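Only a predicted model underlies this, so the values are computations on that prediction, with no experimental measurement involved.
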Amino acid sequence: MHKKSSNSSKEHGVTRRTFLGTTLVTGAALLARGSGAIFGAESSKSANVGTNPTWKLGGDLTVNRLGFGAMRVTGEGIWGWPPDRGNALKVVRRAVELGVNLIDTADAYGPETSELLIAEALYPYPKSLVIATKGGLTRPGPGEWVPDGRPQHLKQAVDGSLKRLRLERIDVYQLHRIDPKVALEESLGAIKEMKDAGKIRHVGLSNVEPEEIERARKIVPIVSVQNRYNIEDRKSENALAYCEKNGLGFLPWFPIGGTRGLKPENALNAAAKAHGVSVFQVALAWLLERSPVMLPIPGTSSLAHLEENVAAAKLKLTPEEWKAINALAS
């Protein structure tokens with residue numbers, strides 16, 4: 001999703017089979033009771049506040065905590081149109097049918113393709129749908145991600161996203177990456193201008209450290225942070241702690257992880273077998289229980305994987321399972 005992910009296409013190119021083996025059951029089996037069973041009130045009965053099913057972004061946008069990342073609906077290398085456009089549209093629509101009401105995208109995905117597909121699939125939008133997009137990374141070619149935090153570029157990027165998404169105001173606009181060649185105050189100053197003009201409701205950040213979040217909040221109110229975070233990669237632990245302390249939503253990108261692969265037999269695999277689900281669902285359930293501010297946005301171009309991902313919102317790990325999985329961090 002990001003420049004840090006010039007490796008991005010490689011990271012997301014890791015298949016579910018190479019991560020930890022084949023899925024133990026399909027998400028469809030868990031969806032037999034319908035989407036209400038996934039995002040139902042039952043999930044709020046857990047003693048662990050991390051499993052509360054919803055979060056209020058900016059204090060006024062209620063979202064189901066398991067969202068959808070729309071990067072993978074584009075072509076190979078996150079470039080151009082998908083090989084099966086009809087399937088991409090079905091995936092986006094199915095996400096909403098299953099109860100997802102937070103969709104994350106960016107002008108760099110395609111570029112522009114992801115935003116256009118979202119509008120094609122869902123416009124006119126359901127009232128409860130929150131679309132978060134990003135600007136500040138440009139795409140000279142497949143696999144290339146170049147920061148551009150110049151005020152002029154960001155203002156044009158906001159207007160471009162508004163047009164492609166067919167919106168008058170973007171719910172959450174995130175600075176995709178701080179441009180080392182441009183002062184943060186200049187980049188966010190431009191985004192603040194667009195917010196003041198009524199084109200942005202809330203502002204978020206991506207790929208940032210706590211000091212940068214603190215600095216940004218002196219320029220414009222920040223409601224969310226999107227950093228890479230999963231069971232194996234917790235380099236953003238400090239950023240997550242900052243979000244918890246200050247009531248900001250934390251959107252972990254690449255939430256399932258698996259770039260290095262895990263050993264065939266471990267706590268994650270054991271929990272999957274015990275619950276009769278896939279290891280990917282367990283990985284997402286662990287994130288949801290990790291923190292009440294955690295808003296995972298797993299992405300996929302597969303309907304089956306989408307249903308499997310969304311079903312993870314219903315999975316409850318035992319305290320012992322959660323602790324054992326938590327200990328897997330390197």
Side-chain angles (χ1 to χ4, degrees), residues 1 35-36 38-40 43-44 52-73 89 91-109 114-136 157-158 160-176 191 194-195 198-206 220-227 243 246-253 255 284 287-288 291-300 306 309-310 312-313:
M1 292 186 182
S35 62
I38 298 172
F39 287 117
S43 59
S44 65
N52 286 341
T54 62
W55 174 261
K56 280 196 174 182
L57 268 173
D60 62 350
L61 294 176
T62 301
V63 296
N64 290 320
R65 288 179 53 223
L66 189 63
F68 174 70
M71 184 181 80
R72 297 297 297 171
V73 297
L89 295 172
V91 169
V92 175
R93 291 183 185 125
R94 185 62 176 147
V96 174
E97 289 173 2
L98 292 173
V100 170
N101 69 340
L102 171 61
I103 294 179
D104 177 79
T105 185
D107 62 359
Y109 300 162
S114 176
E115 292 180 330
L116 289 168
L117 284 168
I118 289 169
E120 184 178 349
L122 300 174
Y123 187 85
Y125 301 114
K127 288 184 179 180
S128 63
L129 183 65
V130 173
I131 297 176
T133 193
K134 298 182 285 294
V158 171
S161 289
L162 283 168
K163 184 177 180 179
R164 286 185 292 276
L165 289 167
R166 305 183 203 175
L167 292 170
E168 294 183 359
R169 181 174 66 171
I170 295 169
D171 287 327
V172 183
Y173 192 81
Q174 306 155 93
L175 180 61
H176 208 155
I191 291 176
M194 301 303 264
K195 182 179 187 298
K199 296 182 178 183
I200 295 171
R201 186 170 188 167
H202 293 302
V203 178
L205 300 171
S206 182
V220 64
I222 301 297
V223 305
S224 63
V225 170
Q226 183 173 158
N227 280 10
C243 289
N246 293 280
L248 309 182
F250 185 87
L251 286 68
W253 62 268
L284 289 170
L287 281 173
L288 288 168
S291 170
V293 308
M294 192 79 76
L295 308 173
I297 45 170
T300 180
L306 168 69
N309 289 340
V310 176

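Considering only heavy atoms from C-beta on, Pro252 comes within 4.5 Å of Met294 through its side chain. Taking 4.5 Å as the limit, every side-chain heavy atom of Val203 sits out of range of all side-chain heavy atoms of Pro221. The closest side-chain heavy-atom distance from Leu57 to Val172 is below 4.5 Å. By the 4.5 Å heavy-atom criterion applied to side chains, Phe68 and Leu306 are counted as neighbours.
Proximity of a side-chain donor or acceptor of Arg93 to a complementary backbone N or O of Ala121 within less than 3.5 Å is detected. When atom types are taken as modelled, the side chain of Arg166 and the backbone of Tyr123 share no donor-acceptor pair closer than 3.5 angstrom.
Under the salt bridge (Lys or Arg N to Asp or Glu O under 4.0 Å) criterion, Lys195 pairs with no residue at all, not counting sequence neighbours. Here Ala106 pairs with Tyr109, Lys134, His176 under the side chain to side chain contact (heavy atoms under 4.5 Å, CB included) rule; sequence neighbours left out. Residues that satisfy the side chain to side chain donor-acceptor pair (under 3.5 Å) test with Ser161, not counting sequence neighbours, are Glu115. For Val158, the side chain to side chain contact (heavy atoms under 4.5 Å, CB included) partners two or more places apart in sequence, or in a different chain, are Leu162, Ile170, Tyr173, Met194, Lys199, Ile200. Shown here are the side chain to side chain contact (heavy atoms under 4.5 Å, CB included) partners of Arg169, two or more places apart in sequence or in another chain: Arg201. Scored by the ring pair (Phe, Tyr, Trp, His ring centres under 6.0 Å) test, Phe250 finds Tyr229 as partners (sequence neighbours excluded).
How far OG1 of Thr62 is from CG of Leu102: 11.5 Å, rounded to the nearest 0.5 Å. Separating the SG atom in Cys243 from the CD atom in Gln226 is a distance of 11.5 Å, to the nearest 0.5 Å. Separating the OG1 atom in Thr54 from the CG atom in Leu61 is a distance of 12.0 Å, to the nearest 0.5 Å. Remark: Trp55 CH2 to Leu295 CG distance equals 7.5 Å, nearest 0.5 Å. Here the CG-CG distance, from Asn101 to Leu66, works out to 10.5 Å after rounding to the nearest 0.5 Å. To the nearest 0.5 Å, atom CE of residue Met71 and atom CG of residue Asp104 are 10.0 Å apart.
Annotation for Asp60 and Lys56: closest pair N-CB, 4.4 Å, computed over non-hydrogen atoms. The shortest heavy-atom contact between Arg164 and Ala157 is NH2-O, 4.4 Å. Closest non-hydrogen pair, Pro255 versus Pro296, comes out as CB-CB, 4.4 Å. Contact between Val73 and Ala70 at its shortest, heavy atoms only, is CG2-O, 3.2 Å. Glu120 approaches Leu89 most closely through the heavy-atom pair OE2-CD1, 3.4 Å. Looking at every heavy atom in both residues, Gly204 comes nearest to Ile222 through CA-CG2, 4.4 Å.
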For a side-chain contact (heavy atoms from CB on, under 4.5 Å) check, start with the C-alpha distance between Val225 and Ser206, then their side-chain angles and the critical distance, and finish with the verdict. CA-CA 5 Å; Val225 170; Ser206 182; over 6 Å; no
Does the pair Thr133 and Thr105 meet the rule for a side chain to side chain donor-acceptor pair (under 3.5 Å), with working shown? CA-CA 5 Å; Thr133 193; Thr105 185; 4.7 Å; no
Test side-chain contact (heavy atoms from CB on, under 4.5 Å) on Ser224 and Leu251; report intermediate values, then the result. CA-CA 7 Å; Ser224 63; Leu251 286 68; 3.9 Å; yes
Take Thr300 and Asn309 through the side-chain contact (heavy atoms from CB on, under 4.5 Å) test and state the conclusion after the steps. CA-CA 9 Å; Thr300 180; Asn309 289 340; 4.2 Å; yes
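Screening Ile103, Ile118, Val96 against Tyr125 for a side-chain contact (heavy atoms from CB on, under 4.5 Å) leaves a single residue, Ile118.
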